[in-house]
Each structure stands twice: as C-alpha cells, then as structure tokens.
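First the structure, in the form of structure tokens, and then the observations on it.
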Amino acid sequence: MRNDITIRIAGEGGEGVISTAEILTRAAVNSGLDVFTFRSYPAEIKGGLAMMQVRMSTEPLTSIGRDADVLMAFNQEAIDVWGDRMSPGGILLYDPRHGSVPPDYPFAHIPVPLHETAMKETGARISKNIVALASMVNVLDMAPEYARDLIVKQFKRKGDEVVGTNLKAFEAGLGVLNGDPRLQAMRLARPASPGKSDDRMIVSGNQSLSMGAIAGGCRFVGGYPITPATQVLEFMMKHLPAFGGNVVQCEDEIAAIAACMGASWAGARAMTATSGPGLCLMSELIGMASMCEIPLVIADVMRSGPATGMPTKTEQADLMYAIHGSAGESPRIVLAATSVENCFQEAVRAFNLAERFQMPVILLSDQSMGYRTKTIMRPRADGLRLDERVRAKTSGDAFRRFEDTETGVSPTMIPGTPGGTFVTTGLEHDELGHASYTPENRARMVNKRYRKLDTLRRELEADGDGIFDAPRGAEVGIIGWGSTEGTIAEVVAKLRGEGVNIAHYHPRVLNPLPVETVKRFVAPLKKVIVLEENYTGQLAQHLRGHVDLGKTEVVRVNQCSGLPFTPDEVNAAIAANA
Amino acid sequence: MRNDITIRIAGEGGEGVISTAEILTRAAVNSGLDVFTFRSYPAEIKGGLAMMQVRMSTEPLTSIGRDADVLMAFNQEAIDVWGDRMSPGGILLYDPRHGSVPPDYPFAHIPVPLHETAMKETGARISKNIVALASMVNVLDMAPEYARDLIVKQFKRKGDEVVGTNLKAFEAGLGVLNGDPRLQAMRLARPASPGKSDDRMIVSGNQSLSMGAIAGGCRFVGGYPITPATQVLEFMMKHLPAFGGNVVQCEDEIAAIAACMGASWAGARAMTATSGPGLCLMSELIGMASMCEIPLVIADVMRSGPATGMPTKTEQADLMYAIHGSAGESPRIVLAATSVENCFQEAVRAFNLAERFQMPVILLSDQSMGYRTKTIMRPRADGLRLDERVRAKTSGDAFRRFEDTETGVSPTMIPGTPGGTFVTTGLEHDELGHASYTPENRARMVNKRYRKLDTLRRELEADGDGIFDAPRGAEVGIIGWGSTEGTIAEVVAKLRGEGVNIAHYHPRVLNPLPVETVKRFVAPLKKVIVLEENYTGQLAQHLRGHVDLGKTEVVRVNQCSGLPFTPDEVNAAIAANA
Amino acid sequence: MPEAALQKAKDYKNDVEPIWCPGCGDFGDLAAFTQALAAMQLTTSDIAIVSGIGCSGRFSHFIKSYALHTAHGRALPTAVGVKTANPKLTVFVVGGDGDGLSIGGGHLPHAARRNPDITYLILDNAIYGLTKGQTSPTSPFGMVTGTSPTGLEDPPLDPLRMFLSYGVGFVARGFSSDVKGVAKMVQAAVEHPGFSIVQLISPCPTFNQVITFDFMKERVVPLPESHDATSLDAAFRMALDAEHFYTGVFYRNDSLPTMEAKLDVQRKHTMDRQPRTLDALIAQY
Amino acid sequence: MPEAALQKAKDYKNDVEPIWCPGCGDFGDLAAFTQALAAMQLTTSDIAIVSGIGCSGRFSHFIKSYALHTAHGRALPTAVGVKTANPKLTVFVVGGDGDGLSIGGGHLPHAARRNPDITYLILDNAIYGLTKGQTSPTSPFGMVTGTSPTGLEDPPLDPLRMFLSYGVGFVARGFSSDVKGVAKMVQAAVEHPGFSIVQLISPCPTFNQVITFDFMKERVVPLPESHDATSLDAAFRMALDAEHFYTGVFYRNDSLPTMEAKLDVQRKHTMDRQPRTLDALIAQY
Ligand SMILES: Cc1ncc(C[n+]2csc(CCOP(=O)(O)OP(=O)(O)O)c2C)c(N)n1
Ligand SMILES: Cc1ncc(C[n+]2csc(CCOP(=O)(O)OP(=O)(O)O)c2C)c(N)n1
Ligand code: SF4
Ligand code: SF4
Ligand SMILES: [Mg+2]
Ligand SMILES: [Mg+2]
C-alpha cells in the first residue's frame, strides 16, 4: 500500500485513451485524492501516440512526479515509446491482442485482456476503454463507486442501454486483474476523509488563469487562437460575456493587442492570451502601451520555440523576450505563475499591477502548466482586492495626463469623462501629453516611466514575493521560476529530510527584479543553481545582469527537450552541485 | 588660425539653411579638409527650426566635436535655441533684420546684413543663403574657388542668369565681414595638400552602409520606409538594379522580412533596413530565419523609442532587442557599426557572417551616424572577400540539410539545384529537415544551432574585433559600442596626452560576446565605465549577464536625450570616475 | 468650454497648431471635420479619435477630444477595442493611404465583418508624406518617387471597390478642397449605424506633383443625383467608372447589425446559459 | 529519380505520410496537385512550395520539391521573395483560410498589384483546423465553434469578390472531392502568367460539421460553359450569385505584366542610368 502513485495510459490518439484517463482522474478527485496530471501530445492532428499521466496521492501534490509506477499500454507503440520510462518496480499492463513485450524487457509486465473482455461482455470493441478503467480502479484499490457514477453521468445522454453496456464492461473489468500478487504494491491508501471536499476543484493551469482573470476584473479579451493558449480565449469566450464583458476573436495577434490597448484606454481591464509567435507580433504595441502608459495584461503560455517550434511542448524561453521584447526601452512588469493554483493568483495580481502602474504586464505560464490538471483549493471571490488606476481630480485643457510624480504614476481619467479631453500618443510627449522632442523633456519622461518600476521594486523588496526559503547554514541554493516551483520545492523538502540543507528562491515577479532580495538570498551561498527549462539560462543572465552576485558561484542547469523537469532530474542537478 | 572648427547654421527649415550648410560642407571637402556633420531635425514635416553642424579640420576627425565656434543664425528662434550652446570663445553671427541678441548674451556676436546685401546686390531675398555661405567662406579663410565652383554647378541647369545672380551674391558676401578682428581666431589653416584627394569621399552613414551592402554582395532588398532608415531603401532602389539586384518596396515590415527570407532561401544575399517599430514587426520571422538557418541581414538604424518615440532623434536602445528579440531562443549575430567608414565594413561583414553561419545578422546603426556625413577613405571593390554559404556535395532524398556538424554549420544547396529537394520548416526538425518532436532531437538541434555562435565566439576571441586599446597600467577603462567610438577614442587620446591612462574597448560584434576578450580587458581594471546612449545600460547588462567581471567595479554612464554624446560629455563622465 | 452652449466649428479645434506644410490637403479635412462636429453638436468629451502614423495621423492632436495616436496601421483595430469597451463614445479613425491600405490594410475586411459603429476617414494623398515621398498603394502608375526612381510600374489599388467587396455598409469619397461636401459626408458617415469609410483625396503639395489640387479639380465629379446608394451593384459600377472620378456616397446600407448589437446578443445568450458570478463559475469545477 | 523519365502523379509524392485526419479534405487537394504536376511534367527540383501554418500548411512537406514551411500568414510575401530571387522556379503558395484570409489577408492586395508568377492555393475548410476548431473568416453565419459558443454572428467574407477587386489576374474555385477538376484548375493557374489564386473548398470532418462534404456536394455547380472568364463584370456577377455556389475559373486575364517582367524593366532602366560597378558608384561621391 502506498500514498502516492503515478500511472500512465498511452495509446492511439482519438481512441479513448485520454478520456479513459480523464474519468480515472475525476474519480480519484471525487474520492478525495489529490491529483496532478500531465499530457503528451502527438505531432499529428488526430491519431498518433497520445499519453496521459495521472499522479494521485493522499497528500497534496506539487509535481508531475517521476516515471510511471503503472503503465497501461493500449498498443505496441505505447509499449515501445513509454515502456522504458518506468519507475523502479514499475509494472507494465498491456493488452496481448495489441502488443507484445520485448524479450529482455526489464520491468514486470502483466497482460490484460482488454479487447477480449470487452467483446465477451458487450460485443463492442470501444468498451475496452471502460475495461481498462475498471482494471486501473481495481489495481489502485479505489472505491469503485466514483468511477461508476461518472460512467453513468457520461453515457446518460445516450440512453439506458449504452449506460448498461458500459457498466457491464466496468464490472467485468474490475475482475480481470484480480489475484496477481505483484499488483499488491500498487494499492493506494484511501483518503482520510473520503469524497471530494467542497473547497477543492480540479482545473488546468489555463482554466485557473482564466478564472483569475475574471476575478481580476478582466472585462475585455481580444485574442487569436494559438496552441497552447487557445483554451484561455475559448474559456473567456464562453464565460466572460456572462460577467458583462466582451470577447473578440481578432484577425491576428496585432489586432488582438491593438483591441486590448484600445479597450483599456477606453476604461476596460483588458487581456490577451498567446504564445511565442503571437507574442512576437505584439511586440510593437506592447512597447506603445508602455510609452502611452496604458494598462494591459498579456498572458504568454510558453511553448517550445522559436518560430513554430513544437507547439504542444513546453519551454521557459520567453523570459528575456518578455522583458526586452520591444525595440527601444519600454518598462513593463513580468510575472511568472508557478503552479496551477498560482495561475489564478498571478492573473489577479497582473490586472492589479497593470492598473496601478499603468503599464503592460506580461504573465508567463507554459504548456506543461497550462495543460496539466491539478486539484487545488477553490479560490473565493470575496476578499479579493482590486486596484484601479488612480483617477485625476481635475480635468480640462491643463490636465497633466502624464504628470511627473514621485512614484512615476500619473492620475488619469477614462475617455468619455465629461469635461475632459487629452491626447495619448506614442510619440515622446510632455506631461500634458503633447508631442515634445526636447532633450530635457525626453530625459525626464523616460525617467518618469521607469520610476514606476523602481516603485514596484521597492515594494517587492519590502513585502517579499514567491518562495524565499533560505534556512540558516545552507551553502547551496537553487533558484527557479515559473512552473518548476512545485518540483523544486518537493525535491528540496526531500533532501532536507535526508539532511542536505538547500535554500530555494522562486520569485514570481521577474521584472523588476527585487535586487536587494536576490542579494540577500545569494550572499550567504557558496553556490547557486539557476534551473530553467531553456538553453541559454535566461534568468541566470537576467540576475547577473542586474545583481552583483559577489563571490557566489552561479551554476546553470538547463533543459530544453520540450518536457518539464521531473523531480529526479532536479534531484540529480542538485546532487551534482551540493 | 586653427586646425579644427565647428560651425552651425540654423534657421527655418525648408528655407535653404540645410542646403547652404551642404554647399559649405562640400566646399570644405573639395578644399581637402576633413569634415564631420550633424543635423538636427524639427518635429514638423516642413518648417520648424533646422540646424546643420559642420566640423572641419586639417586632421582626420572622429567626432561630432563640441559646441559651435561659429553659429550662423538665420532667425530669432535660431538665436534662442542654439545661441546658448557655444564653445568658449564662440561667436554668434546673425542677420539683424531677422533677429536680435538678448542684452546679457555672454558670447561675442556680430551682425551680418544677409538680407540687406542680398537685396542690394541681386534683388532676390533667397540669395541671402549665398551671402551667408560667402561670409562663412570668408570667416574660415577658405579658398573661395571651391564654393564658387559648386554654385556654378548647382545653378547651371537654371540658366546663366541665375548663375550670374548667385555669383554676384557670393562675391558681395565675401566682403561683408571683412575687418572684424574678433573673427581672426576663426581662420582655419589650409590643408597641407589642397584639393580633394581622389581616395576620399564624403558620405552619410546610411550611404556608407548601403554601399557596403552592395559590396557585400546584397542582391535583394525588401523594405518599407521608416525614418531614419528610409535612405537605405531609397539608395538601394536607385542603385541595386544596376548591379542585377532586385528591390521591392513591401506593404509592411512583415512582408519585407518575409520577402528577404524567401529571397535568401532561394539563393540571393538579402537585406532589409528598418528602425524600431519596423524591427518589432520582424520579430517573428527573424526567429524563424534563425530556426530555419536562413542567412539574412537586417540593418537597424536606431531611433529614440519605444513606439513612435522621436523618429528623427538618436538612441542606442535596441541592443537587447536585437539579441533577444524573438520569443523562444534563436541564435543571431548582432553587429554594431561604429563610424561612417565602419558602416561600409560592417555591412560587408554582416553578409559574410550571415552566409557563413546561415543565420540572421542584425547590423545596428543609429540616427546620428546614419544622417551624419563624413569624409572617409574611398573603399575599394577589389580585395573584398565574399564568403558564401557552404555548399553540400550530395543531394537526393537522404540529403541532411541540417547535418549536425562540429561547427554547427550544415552544408546546404540552393532551391532549384537539379536533382535535389528538401523541406525547410519552422517546426523543430531533424537533420533531414523533417518535423520531429522527440526530446532527444530537440535537445540536439537547439545545441547544433547555438554551436554556430560558439564557433564564431572562438574566432572573435582569437582574431580580435573592434578597438581593444588597453595600455599597461590603466586602472580605469571605458567600454562603448556603436557610433560613440570616435568620440570616446578622441577623448581617450586627449586624456592620455594629459597623462591620464584610460583603456578603451569598443567591440563591433556584440552577440556572441567574445567572453575571454572581455575578461582580458576588464581583469586589470579597477573600474570600467560602460557608456551608452540609452537609459537602462543594455551593454552593461549584457556583459554582466555573460561575463564574470570579477572585482572590477562597473559604472554605467547613460544618456537618452535623443542626442549623441559630445566629447565634453564623455570627458566629464571619465573625469568623474578616473 | 461649457458643454451645453452651442458649439461652433472652431470650438472643436484645440490650441495645438498643425505641423502640416502650408497648403497641405489635410487642412481642408480638418476644417470639414470640425464643421461636421458642429453640425452634429457632439460633446467634445464624447468624441474619441484614434489615428495612425503619417502626416495625416497627427489629425487627432488638433481636435478637442479624447485622442489616441497609435502605431502605423493599427488605428482601426485599436478603435474596435475602444468602441467595444466604451460604446457611448463617437469613435473616429483617421489615417493615411499608406497607414490604412498598405500596412494596415489587413484589418479592413475584418472590421467590415464586425461592423462596429465607427467612422474611418482615410486621408489619401497617394504618397507617403511623413517619410518624405515614397509610393503608396494609391500612387498612380508611372509616378517617380524615392522608391520608384524609374517610375512606378504597379497599378494603384482601387479602395472603393475593395471596401464594397468587404461588405462595408457605408462607402464614400470626398475631396479635401470641397470642405462643405466633406463635412456633409462625414456627418452622414457618423449617422450611419455601423462601420463607415470615407476616402478623402487630400493632395500633398510637398511630395506629390502628380495628384495635385489642380489635377484633382479637373477630374472630380459629384455622383449623379440619380445614383442609388442602396444598390451594391450601382455602387460597384460607379466605383469602376473609368471616365469619371466620382465623389459622394457610393453605398449605404443601414440595416446591417452593428458589432455592439451583436456583442449584446452574445452577452444575453451567455448570461442565459452560463454562471454570472465567480463563485458560481468556480463551483462548476 | 532520373528527372528525364515520364513522371506519374505518385512520383511527385515523397515518403512523408500526411498527418491529416482520415477523411480530411486536404487529401483530395494533394492528389489533384500531384496530378497537375504530372500533367505539366514539372521537374521536382524546379518546384518551390511555400506554405503557411495550419493543417493545410503541412501540404509542402508531402511533395517532392523545395519546400519552405513558413510562419502563419506569411507564405505569400515569402514566396514573393523566392520568385524574385529565383524566377526559374515554379512557385506555389499553399495555406488555409485562416492563414491566407485572416492573419495573412493584408498581403493579398499587394501581391495582386505586383503580379508575381505564383500560384496560390487556399485550402478553405471554413475553420481553424490545426488549433482544433475556431471560426475562420469564411465560417458560415451561426456556426458554433470554440470561439463562437453562442453561434457566429458575423457574415463570412466573400474571397472571390475580394480577389477580383484586388485585380488578381486569375481567380478560380474548386472543391477538393473533384480531384480531376482541381487538377485542371491548378494546371491552368500555373499556365497563367502572373498571380493566380485558387480557392479550394476542402472540408474538415473533424471540426466543421456545417461545411461538410455532403453539404458542399449538394451546392457546388460548375460555372456554365457560357461563362466568359475574360470579363471582370461577369466574374463579379458569378461570384455574387446568391443561388449557385459555382466552381471553375471565374476570371483570367493573361495580359497583365508580371512582377518579374516589371523588375526586368526596372533593372534595364537603372542600368542605363546608374553606375554598374562598385568603383564607379563610389566614384560618384
Ligand atoms: C511600423 C512602422 N513602419 C514604418 C513607419 C514609418 N512611417 C511613418 S508614416 C509612414 C507612411 C506615411 O504615409 P501615409 O500613411 O500615407 O500618411 P501621410 O504621411 O501620407 O499622411 C511610414 C511608412 C512607422 N512609423 N512604423
Ligand atoms: C502568429 C501565429 N498565430 C497563431 C498561430 C496558431 N495557429 C496555427 S494554425 C492556425 C489557424 C489554422 O487555420 P487555417 O489557416 O484555416 O488552416 P487549417 O488548419 O484549417 O488548414 C493558427 C491560428 C500560429 N501558429 N502563429
Ligand atoms: S508632406 Fe505632404 S501630406 Fe505631409 S504635411 Fe506636407 S503637404 Fe501634407
Ligand atoms: S483537423 Fe480538419 S483540416 Fe485538420 S487534418 Fe483534421 S480534418 Fe483536416
Ligand atoms: Mg499618404
Ligand atoms: Mg482552415
């Protein structure tokens, strides 16, 4: 019996592999387990090898986990591709009708007559998915009612007969693997308080981010579909109008960011969601929004780039572009959400920061976090604080829209406000907003706009941000950003349990950098590992570019395979340096 | 008598101010002087205050110089705006009919009856420009025949009468300022060998860059007009077809870079020239060209940004964007030309590097260098080495277009080559070019593409690049990039003359950085000043991000007023730190 | 300016002096525009002008209004956002032929499909003015410019036919010298519910020596009284007419649903089907 | 493959297996395309296929040729560069309705003005296929998709009318089930000197349940024999026809000068007037 298990279900895309895994996921959630899923997509549009990984635990999960404890392989390709990537002691389940195990296969393997059982019980080939589901429920020793309820729910619309057939397959499937003693080790402890608690839900990072945006007061979305961010646009399209908002699918990403900029200028909290190629097209107008001090939220669900790259694979390689991604110098805030749960929180914060500092905020997520699903606490609408752009008290011809204030933030007003007028231009302008090219005005206004970042930097240094977990005496530290948070935290906790003292820093605001905080973290360390899912070590460059790291040795650990770091990989990276 | 003088001519735009200054410039060149000019543009489309500065010397010039020794002010605004910015001992010349000098004006000022003389001699108001020209020739003690010849040339087309009138104005103008002893100090020594030598010419940075591109084998230009890069497009449009090339004015910058990419893929050496907003729009396809290993040259004549900014003002603020300017990670080479003369050389090098390394090369210039004119040595066509992309020896189905070689460079062939075929895709691909998403292939191909930069880095470290002027014992060094080279070099030379030992490093390839070279320069120094015409200190960030600068203190000196650094400003910056 | 008083044309002009060359065609458009505003007695704080980049793009700086001087070619999609977020504003888009038909041309068909209640004035001088004279998509065949030193060899686009083929519900053409006529056209365009485009021929004496005031004056002919602006066929025909260069309202169809109306419908449908509070939404997961 | 031997359609197909869903309309276009290549006996190494991003954009991966699979919406301007630099290549552009009419739509009028000898195949499934089903500019009114959950409220664009209004010299429409017909159309398009566009209705059974094969089969009608493809008027009329959804060549005008020819003229003029060597050029300064 165990508290934590990772299973994988793999087979031909479009043939029910993913939906089988999804029912299992939901059954686990409903039974009260914590769940963390991950999907691997084929390059093909339909078909090709699909895989869904489901990690389940009685304890809160923070990472994707290790390789599979149990692999359910629907076909030969699934065995060939995923069969090697097993945890020690892992077990391969496969349908002997659709695959065979190589002679020297190093892991335990048990044939499961999925097809045969399905045909015998129901005569329908397709119900082998339900047989597979049932056999997993059995292996995991999960109370079967959760899966059974979901089957009923799923097939209800198709009539009683279909429900009956599937239930029959399910009951039969529960029995097929009875008795094999090797499977004992895969039995999962049942949750202390069984049943899904009302304060939890299971969502993807993209869903969490979208909900956070709505919670953050987003009322305009201009977007253009792009993997892996399309779900955000579709979620908003489905839901935002019910909150009184507007969603426009635009002709391209330039139009999308333009529409957002226009909407925000006209008073709405506006967002777009995109990925690499789309972010490229937004470059000019993000710079303009910064110049014109227009609040904007741009969610970038990063994928493997550059160019079309690998749209369904993950990467953390847009950081430098997010920070420096317009010609000239344009202050902007860059946030990186760190978990499915945090996607919600950072989305709320993104809107608040955009409004407070009247500038673009780029919120980084990534494919692996956007698509993974996870049980998280239900966020609550009450108690959320929404900041608004500071409103001017005066208006009229002498209204200084771009007043040079101590914080750099100028009170503003919304177009349409009676009695007012002003001009907003991407040309350099004076406090009134009129075009001005004098050297003095230029130097002053650039400084004014950048001062806003200094204001925020000081706040971050004072208030803290993200994980700053620096136990006394640690000589080695690890810095990560974005979706690796849970994995690093898990490994760090494990190592501490083993007596290895490691510090962990995981900021969420990456621009501006809280320079003093970084220094405080790094100073006591002999060595700091900067771990990133990219090739060139972007955070490492950014940190070194802005912070004097003194004598601390900087070790870059990078991976850009398209897959997220696993705890084992993080563990190995630390082991090599601690 | 002096060897070096800076004069300014200022007045209402569109009324002959600039053309007067241009005739003077050319006369100076023809007389054998070295000339360095700079223009300031009004924000207005036509009209507004225009100013052209002409520095002349018997010795080779390297910088814009200091404030004016002589200011010729055509109107009151010219006195008001430029009258204060004078060198010590400077003299203001003004037409009493069109302006008056404030009571407490601190500089010498001499009225010149431009209007009156013109009306008296010719009856034509417009010929006051020629009177002004003549009076400058007189003040400078320049042999009058050079200006006279140019007047004849200029007006020849309009008939003998017009020529006659203007010559009359000229002769009269030569006399108007005779006798004032204060002007003695402004007499300029005559060149040792008078007359323009055949191996020199006067061109702007944009012209030099365009000629360099043609010399570098450019045979395709796709462009879209944008200040201050339009002149490159227009120059190429005028001349490239005579070299068998093609120039296409595209519908926007996306189409321009796309056309260049297509042309280069199809075998032509291709370039586009743009500035900030246009570079933004090229972001996606520059990343794609990197991914697809297509040679490309992008000349970025930087202007004050972000957004529309100040199109006619200078800035060095696109460095980070040039390096990091596409989502994801896409290796590219970034060069910064350092002088009018060097624009030619770097343009040639840009094409060679693009071809050799099959990647985009971004060549940075800026408004101040692009528009300034300067006497330079005539480059010679013979002896130029042109590198071509390495050609594959085999073709056919198994042709490994993206072969993973030691240098990272894969031999290629040009579409249309008989017997061959291949696919080039922005998707991640294997050596053959076929789409591939496996983690192993991904990691390998990213590495392969970046390896090309490592190859170049090692070359740069071995061969040197730009100015590396590090005298023994220097404890303070200055690092600059781009168009500040001459100004810094001039100040450093002057300081050394005064016994202040300063080191100067001015690399021209900014990405990849020759890390070992930077270290070698910085290591012996106590303090290194990084001087840039931007706000955030981009080269400083870039250097620190990539090079461990040890204990050397980094001091950033930044200016982002829209104007280039003057020698006095550089001098002050060094003085404050040396 | 007390907003209740009767506004004259000049009351809509602010203190910023246009930076245009003397004699620029854009002055006529500016005069006509303020006349149209006065004719409609619009409240200055209800006006939003979104402009592109070009000499013409500076237009928005000169009018008392909320003005957004955006990037080259992006005024139209920006205005779509403005109108969506704040539909009570009377939204104008102003820009040049390069801005609207070259770099920004891709946005037009999609704005037409959406049909926001926006009035778009294209100040067409058949040249790139601000960048000092290069060919634009409406430059005439053979014209010599900085980017066509041997004479332009491509034919100009035919903007009116394009707008009609996109399904734009109000298509008109005016000539900036005809201030009164342009003012009327602008007013009609604003009164049209939905997307309206007015192409305003506005010569650039500085850089275009072909499409001059004189050249245009000789050619411009008002659409015949008999022209039926409700007929798409007739509109196409008059736009195509090789002999006459017509001005006036070529096409007007007031019955197409506007973007704002369609978004309202979408909102209503969604409210009927989906949770309206965050807690209710979250409770679904 | 010895290039002299007679090529069959299948000889133009390479070994890469299409990643399209079973039943995808793009298969028919691919078959027709190879047939057209065979009919013309093109040499594989003289073919360049530039494609956009979408399911349809993968087209170029499957043909023996020099293929450039570019960015979303940028195949056409890329191909302009390819053709300019290497005019002996037979250049195709292939992409989807989203790629070509939405994000890439701004390039079309300008390609039409230039008139490069390129053949553009738009594989129109009235949906965004690769991103799993959102509305495209040709999606029908009312369609429910991921981005129109309450039904699309905007009308579709009318691509043919647009192309005609841009002055494209060859405009045709085919239906991917009609492999022979499409092959012929593609061949005619290639033979047309200048820019040609063929809109190929290619249903997406996975994400578009409205514009299906059956739906199309019921509606598609070949242009009447009597249709005069040299008449722009007639072309507009047939494109507009509300009752029939015609396929065939709507318009063909072979007399427009091509981009390549115009560039040659420009080159000749320039050679006559400007220095032809670097030294001579430099000597001017
Ligand atoms: C992205 C971008 N590309 C190019 C420019 C440079 N630019 C400024 S205005 C302009 C064209 C002006 O022509 P038009 O739109 O016809 O306006 P006009 O000046 O003639 O009124 C161009 C190319 C720019 N500002 N931004
Ligand atoms: C700049 C950019 N934006 C968005 C995308 C995502 N994307 C890929 S294909 C596609 C649209 C596909 O539709 P269509 O062009 O009609 O091709 P189809 O798949 O239907 O053949 C989109 C939006 C992208 N790759 N690049
Ligand atoms: S350049 Fe032409 S369009 Fe621009 S302001 Fe002058 S006259 Fe007007
Ligand atoms: S999604 Fe549609 S268009 Fe794409 S391959 Fe499948 S059927 Fe074809
Ligand atoms: Mg114009
Ligand atoms: Mg499509």
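In what follows, chains are A, B, ... by sequence order, proteins preceding strands, each numbered from 1. Side chains are part of it too, since the values below use all heavy atoms of this structure and drop only hydrogens, waters and symmetry mates. These numbers come from a predicted model, not from an experiment.
Using a 4.5 Å cut-off between heavy atoms, A/Ile254 touches chain B through its side chain atoms alone. At a 4.5 Å heavy-atom cutoff, the contact between A/Glu329 and chain B is made by backbone and side-chain atoms alike. For A/Ser290, no part lies under 4.5 angstrom from a heavy atom of chain B. Proximity to chain B is limited to the side chain of A/Leu563, based on heavy atoms less than 4.5 angstrom apart. When heavy atoms are compared at a cutoff of 4.5 Å, A/Asp548 approaches chain B by way of both its backbone and its side chain. B/Ser304 touches chain A through backbone and side chain together, each having a heavy atom under 4.5 Å away. For A/Asp300, no part lies near chain B; criterion is any non-hydrogen pair under 4.5 Å. Only the side chain of B/Glu315 comes within contact range of chain A, with heavy atoms under 4.5 Å apart.
Between chain A and the residues B/Gly545, B/Ala307, B/Gly305, the most heavy-atom pairs under 4.5 angstrom are made by B/Gly545. Ranked by heavy-atom pairs under 4.5 Å with chain B, the list A/Gln559, A/Gln538, A/His542 is led by A/Gln538. Taking chain B as the reference chain and counting heavy-atom pairs below 4.5 Å, the highest number among A/Leu285, A/Leu549, A/Leu543, A/Asn534 is found for A/Asn534. Taking A/Gly309, A/Ala322, A/Gly287 one by one and counting their heavy-atom pairs under 4.5 Å with chain B, the maximum is reached by A/Gly309. Between chain B and the residues A/Gly328, A/Pro311, A/Ala327, the most heavy-atom pairs under 4.5 angstrom are made by A/Ala327. Of the residues considered (A/Glu440, A/Glu428, A/Gln316), A/Glu428 shows the highest number of contacts with chain B, using heavy-atom pairs under 4.5 Å. No other option in B/Pro277, B/Pro306, B/Ser275 has as many heavy-atom pairs under 4.5 Å with chain A as B/Pro306. Note on B/Ser436, B/Cys292, B/Cys560, B/Gly562: by heavy-atom pairs under 4.5 Å with chain A, the leading option is B/Cys560. Among the candidates A/Thr425, A/Ile323, A/Val554, A/Asn447, the residue making the largest number of heavy-atom pairs closer than 4.5 Å to chain B is A/Asn447. When B/Met302, B/Met288, B/Met445, B/Met310 are compared by the number of non-hydrogen pairs under 4.5 Å with chain A, B/Met310 comes out ahead.
Here the CD-CG distance, from A/Glu284 to B/Leu279, works out to 10.5 Å after rounding to the nearest 0.5 Å. Between atom OG1 of residue A/Thr536 and atom NE2 of residue B/His324 there is a gap of 7.5 Å, rounded to the nearest 0.5 Å. Expressed to the nearest 0.5 Å, how far NE2 of A/His546 lies from CZ of B/Arg544 amounts to 8.5 Å. Taking CE of B/Met320 as the reference point, atom CE of A/Met320 lies at 4.5 Å (rounded to 0.5 Å). Considering OG of A/Ser326 and CG of B/Asp318, their distance stands at 10.0 Å, rounded to 0.5 Å.
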Exercise. Step by step, would you call A/Lys313 with B/Arg442 a side-chain contact (heavy atoms from CB on, under 4.5 Å)?
Worked result: CA-CA 10 Å; A/Lys313 303 287 170 186; B/Arg442 167 69 180 174; over 6 Å; no

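Checking A/Tyr321 against B/Ser283 by side-chain atom types alone, a donor-acceptor pair falls below 3.5 Å.
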